[in-house]
Student: 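Here it is, the structure in full.
Letters go in sequence order (proteins before strands), and every chain restarts at 1. Below, each value reflects all heavy atoms present in this structure, side chains not excepted, and no hydrogens, waters or symmetry copies.
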Amino acid sequence: MAKDKTYVLGMFPYPSGEGLHVGHGRIFSAVDVMGRYFRMKGKQESQSSDHSPKIAQGSELGGQVLSPMGWDAFGLPAENAAIKAKKNPIDMVPHNYGNFRAQMKNLSFDFDWKHEFATTDPTYYGFTQWLFLHLYEAGLVYREEVAINWCPKCLTGLANEEVMGDGTHERCGTVVTKKSMPQWVMKITNYADRLLNDLSAPVIQSSSNPVDDRKTGKQENRNTNMGLDWPRGILEMQRNWIGKKEGVRVKFQVESPSSLSSLTALEVFTTRIDTINGVTFIVVAPEIADGWINGGFEANEEVKKYIEKSLQKSDQTRQEGEKNKTGVDTGLKAINPWNQEEVPIYVADYVLPDFGTGCVMGVPQYDERDLAFATKYNLEVKDLPLDKYEDVLAKLTKDKVANSETNWHLRDWVFSRQRYWGEPIPLVYCEKCGDQNGVVPLTEKDLPLELPYLESYEPTDTGESPLSRINEWVNTKCPKCGGPARRETDTMPNWAGSCWYFLAFPWWSEKTKTQLDEFKKKSETPYTNFWKEVAKPEIDKWLPVDWYLGGAEHAVLHLLYARFWVKVFQDRGLLDFSEPFLRLRSVGMVLAEDGKKMSKSLGNVINPDEMVAKFGSDAVRLYEMFMGPWDQAISWDTRSLIGQKRFIERIGEAVKKVGDKTSPILSVNLVKLGEKVEKGIVEQKFNTAIASIMEFVNMWRGSDLVMSQNDVNKFAQLLSPFAPICAKSIWDQAETAKWPTFEEVSEMAEVPVTIAVQVNGKLRATVELESSKSKVESEVMKIVMDNEQVKKWAPGEIKKTIFIPGKIVNLVV
RNA sequence: GCCGAGGUGGCGAAAUGGUAUACGCAAGAGACUUAAAAUCUCUCGGCCUUAAAACCAUGCGGGUUCGAGCCCCGCCCUCGGCACCA
């Protein structure tokens with residue numbers, strides 16, 4: 001069912017000490033423009049006139065609008081900055097977001113401030129902890145000793161998604177290493193199928209999307225008819241990251257040496273079972289072979305040394321050997337179940353332990369990597385025809401040595417961080433009544449579990465969280481048996497708060513803490529009751545988010561994690577929907593004037609406060625929206641900003657030209673302008689919307705044309721989403737009145753129109769005539785055939801005439 | 001290698017298959033000013049030119065069409081993401 005509401009949200013910022021930058025400005029200006037537009041639009045009668053622009057029809061968007069703002073304030077940069085300043089982030093962070101808020105108000109961002117919160121507010125993270133407990137109770141959180149990605153600078157473990165393509169930490173740029181330690185891990189892989197399928201499942205009725213209603217032959221750069229209306233690139237990035245691979249798991253018997261009796265068979269994963277006849281060797285990952293040795297396999301020195309060396313390599317250095325594959329023969333042999341041939345088993349570090357089974361069948365005939373390896377180690381390369389995939393699978397399945405299997409690139413989500421500045425994980429270790437993980441979860445009435453105020457909270461390089469040093473905090477009582485227990489001392493990653501913040505905005509207010517305290521007095525399950533009675537009704541009203549605007553850097557981070565949590569909460573009955581963000585739009589990065597990424601160290605950062613002080617907030621907003629296509633990266637150019645200041649001054653001159661009745665040409669153009677502005681806003685083509693307003697102002701100001709006061713007011717409204725201060729100075733109700741309708745005016749028929757005249761497709765003349773006549777072929781041809789240029793270029797017989805009403809005549813001679 | 005987005009003036013860029021270069025910046029000339037800044041007016045793709053007209057121009061080569069920046073086929077280049085994924 002279409003809801004009469006619009007939820008417009010920008011990805012909430014991380015309030016760093018440096019303050020808002022112009023990249024934030026680009027996102028939030030757009031959010032504000034859209035929020036302001038939909039707010040005014042929502043005041044229109046729901047049944048608008050047939051003459052209103054096409055884009056406004058059939059749209060559920062409108063009604064009430066929610067456009068909130070908050071602060072994603074936990075995380076490493078704040079903590080690192082606080083360490084440097086020798087302060088506690090608890091004291092520093094509110095100062096930082098206070099500054100962000102002031103800067104946003106300075107840019108006239110009209111957000112719903114009454115819903116504001118920071119993820120670091122204990123009342124907020126109490127809910128984060130409660131939701132974590134839901135994930136825990138769903139069996140989606142487990143403890144495992146794994147070799148995780150470790151940032152040696154930030155001294156914490158990281159999720160796969162936080163390691164960039166070049167092997168560095170996405171926050172600090174340090175090369176990530178491996179460290180083996182026990183971790184809390186979230187079973188996001190349980191949801192891999194749904195996370196993949198729901199990207200293309202039809203969640204939006206096409207008629208409800210104003211953009212789809214447009215008649216356009218052009219293929220848009222995003223999914224429009226099916227599934228999430230997200231940029232294609234981001235959908236692809238998520239698909240690739242989830243990385244579904246369908247293949248076959250095949251068992252090879254191993255000619256087991258007496259040293260390891262349990263090693264009788266190994267399994268390989270392949271997507272090309274049809275090439276199994278060409279197998280001439282087997283390769284296992286060093287980690288697998290290491291397991292055999294630990295199990296008692298007596299490998300020779302060369303093998304042991306190779307494995308030892310490989311295990312010390314980071315993923316990064318292991319990949320550097322891409323062209324130069326190394327490996328060593330284990331001396332073991334395997335039997336190919338398809339043709340019973342005996343092949344050698346090698347260990348090589350080009351095989352990864354965590355994809356498939358960590359064992360690969362070497363088919364040099366059909367696989368480049370295997371060929372490189374075979375060439376290097378003088379292994380046989382066969383030359384055989386392919387078998388039929390289904391035949392091989394059927395036979396091997398019947399022989400019970402193979403089965404179809406799906407593998408995923410997606411790994412479970414390493415969730416614990418060995419740092420101070422995050423939500424404490426609400427679990428305690430109790431020797432008496434701990435579960436399979438040795439822990440007892442806190443109960444609802446224990447929440448929030450507050451982060452203690454520490455004088456010293458520097459991370460350690462031992463992998464121990466700073467919280468572990470605080471005995472009075474660590475030592476606690478078991479919530480179940482009351483006996484002695486220890487708290488979990490790792491904290492949550494900064495993604496935790498952003499995984500559900502969009503669910504909190506609709507119901508969050510200053511009163512939330514008091515309300516929650518009331519629930520705490522009344523019941524043992526205050527959070528559950530609060531959710532049911534206070535939060536859920538508002539969530540039902542406002543979610544999912546209709547428009548989500550932000551940076552593409554979150555494609556496989558926040559956007560994936562948040563989708564995962566929402567699906568879990570749906571399964572837990574906390575929510576009634578499965579996808580949080582219906583329409584996603586990603587902003588292009590704002591680069592420095594030198595074309596490089598803005599950074600403090602390069603000294604090329606543009607400070608928006610300075611820009612506002614110099615040019616005014618309207619000019620800065622206009623420039624952010626006008627500088628180029630909103631979704632495209634662009635270099636900042638302060639010189640160009642002057643143009644927006646001039647534009648505002650020209651508006652001031654134009655609006656003085658008021659008359660009793662609007663000049664016909666302006667009447668007609670005002671209607672067209674209204675359509676262009678609305679279309680520009682809903683399609684995020686803010687640059688062309690502003691250009692249209694400029695054109696209109698140029699025409700109005702540079703002539704003796706006038707507008708009626710009523711039309712001047714309408715014009716001010718069109719301007720107000722972009723330049724609210726200027727608009728308000730023209731008409732004091734420009735921001736608050738309902739969005740005007742732009743109906744066709746009677747002057748439409750009278751205003752002159754220029755028709756292009758082509759001969760054989762080349763422009764040879766233009767003719768001008770009244771709009772109404774320009775649509776009638778006989779009227780147009782009368783004038784065309786009388787034109788000197790036409791007589792010159794088409795003197796003889798005209799074979800064919802193409803007439804496009806109101807636009808063009810093409811004479812074929 | 002795979003996936004995605006792009007390639008149009010000096011620069012940022014416009015353009016439902018229908019007048020390419022809108023809008024803005026920069027630049028040049030002029031006005032105002034003692035002067036500068038600001039502002040205003042005009043010019044501003046290339047070629048040729050006093051001017052006009054013609055011709056040539058949307059990365060390259062073909063094609064479809066009355067008509068292609070846009071659609072189709074084959075390339076080149078730039079940017080972003082992923083990648084020894086078996």
Student: Side chain of A:L763 only, heavy atoms from C-beta on: which candidate in B:rC85, B:rA54, B:rA20 is closest?
Tutor: B:rA20
Student: Just confirming the chi classification of B:rG67, syn or anti, using 90° around 0 as the syn window.
Tutor: anti
Student: Using a 4.0 Å heavy-atom cut-off, does A:N407 contact any base of the nucleic acid, only the sugar-phosphate backbone, or nothing at all?
Tutor: nothing
Student: Of the nucleotides B:rA86, B:rA13, B:rC3, which has the atom closest to the A:E236 side chain?
Tutor: B:rC3
Student: Tabulated below should be each protein N or O lying under 3.5 Å from an N or O of nucleotides 63-68 of chain B; please produce it.
Tutor:
| from | atom 1 | to | atom 2 | distance (Å) |
| --- | --- | --- | --- | --- |
| B:rC66 | O2' | A:N810 | ND2 | 3.2 |
| B:rC66 | O2 | A:N810 | ND2 | 2.5 |

Student: So if I take every side-chain heavy atom of A:N240 and compare against B:rU19, B:rG81, B:rA22, which nucleotide ends up nearest?
Tutor: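 Among the listed nucleotides, the one closest to the side chain of A:N240 is B:rG81.
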Student: Centroid separation under 6.0 Å, is that true for the rings of A:F373 and A:Y350?
Tutor: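 Here the rings of A:F373 and A:Y350 have centres that are less than 6.0 Å from each other.
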Student: Among the nucleotides B:rC55, B:rA13, B:rU39, which one has an atom lying closest to any side-chain atom of A:W793?
Tutor: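 Selected nucleotide: B:rC55.
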Student: Determine the contact category for A:T271: base if any of its heavy atoms lies under 4.0 Å from a base atom, sugar-phosphate if only primed atoms, P, OP1 or OP2 are that close, otherwise nothing.
Tutor: sugar-phosphate
Student: What contact category does A:E368 fall into here, base, sugar-phosphate, or nothing, at under 4.0 angstrom with non-hydrogen atoms?
Tutor: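 Since no nucleic acid heavy atom lies under 4.0 Å of A:E368, the category is nothing.
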Student: With a 4.5 Å limit on heavy-atom distance, are the side chains of A:R239 and A:M237 in contact?
Tutor: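 Heavy-atom side-chain distance check fails, nothing below 4.5 Å.
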Student: Check whether any side-chain heavy atom of A:L670 sits under 4.5 Å from a side-chain heavy atom of A:F742, and report yes or no.
Tutor: yes
Student: Going by side chain to side chain donor-acceptor pair (under 3.5 Å), name the residues that satisfy it together with A:E624, two or more places apart in sequence or in a different chain.
Tutor: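 Here no residue qualifies.
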Student: State which of B:rG24, B:rU19, B:rA54 makes the closest approach to the side chain of A:N698.
Tutor: B:rG24
Student: When all nucleic acid strands are considered with a 4.0 Å heavy-atom cut-off, which category describes A:R764: base, sugar-phosphate, or nothing?
Tutor: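 Counting heavy atoms under 4.0 Å across all strands, the contact made by A:R764 is with sugar-phosphate only.
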Student: So what does A:S692 hit on the nucleic acid, given a heavy-atom distance under 4.0 Å: a base, only sugar-phosphate, or nothing?
Tutor: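 Touches nothing.
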Student: If each of A:D637 and A:K792 is mapped to the nucleotide of RNA chain B with the nearest heavy atom, which maps nearer the 5' terminus, i.e. the 5' end?
Tutor: A:D637
Student: Among the nucleotides B:rG18, B:rC85, B:rC25, which one has an atom lying closest to any side-chain atom of A:L352?
Tutor: B:rC85
Student: Which of the following nucleotides, B:rC23, B:rA13, B:rC55, is nearest to the side chain of A:F626?
Tutor: B:rC23
Student: Once you apply a heavy-atom cut-off of 4.0 Å, does A:K807 come out as touching a base, just sugar-phosphate, or nothing?
Tutor: base
Student: Check every strand shown and say whether A:G356 touches a base, only sugar-phosphate, or nothing at a heavy-atom separation below 4.0 Å.
Tutor: nothing
Student: To the side chain of A:R701, which of B:rU41, B:rC25, B:rG12 is closest?
Tutor: B:rU41
Student: Of the options B:rC84, B:rC3, B:rU19, whose atoms approach the side-chain atoms of A:D349 most closely?
Tutor: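 Out of B:rC84, B:rC3, B:rU19, the nucleotide with an atom closest to A:D349's side chain is B:rC84.
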Student: Are any of A:R650's side-chain N or O atoms less than 4.0 Å away from OP1 or OP2 of B:rU39?
Tutor: no
Student: Determine which nucleotide pairs with B:rC82, using a 3.5 Å limit on both distances of a Watson-Crick or G-U wobble pair.
Tutor: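 B:rG1 is the nucleotide pairing with B:rC82.
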Student: Now, which nucleotide makes the Watson-Crick or G-U wobble pair with B:rG74, with each of the two distances under 3.5 Å?
Tutor: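 B:rC60 is the nucleotide pairing with B:rG74.
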Student: Where each residue is assigned the nucleotide of RNA chain B containing its nearest heavy atom, which of A:K762 and A:F355 is assigned the position nearer the 5′ end?
Tutor: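 Upstream on the strand: A:K762.
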Student: When you measure from the side chain of A:K325, which nucleotide among B:rC84, B:rA13, B:rU19 comes out closest?
Tutor: B:rC84
Student: For the side-chain contact (heavy atoms from CB on, under 4.5 Å) test, which of A:V351, A:V347, A:V343, A:L332 pairs with A:I282?
Tutor: A:V343
Student: When the ring centroid of A:F696 is compared with that of A:F715, is the distance short of 6.0 Å?
Tutor: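 Distance test on ring centres: under 6.0 Å, yes.
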Student: Determine whether A:R563 and A:Q238 satisfy the following criterion, side chain to side chain donor-acceptor pair (under 3.5 Å), listing intermediate values before the conclusion.
Tutor: CA-CA 11 Å; A:R563 292 182 62 227; A:Q238 284 222 356; 2.7 Å; yes
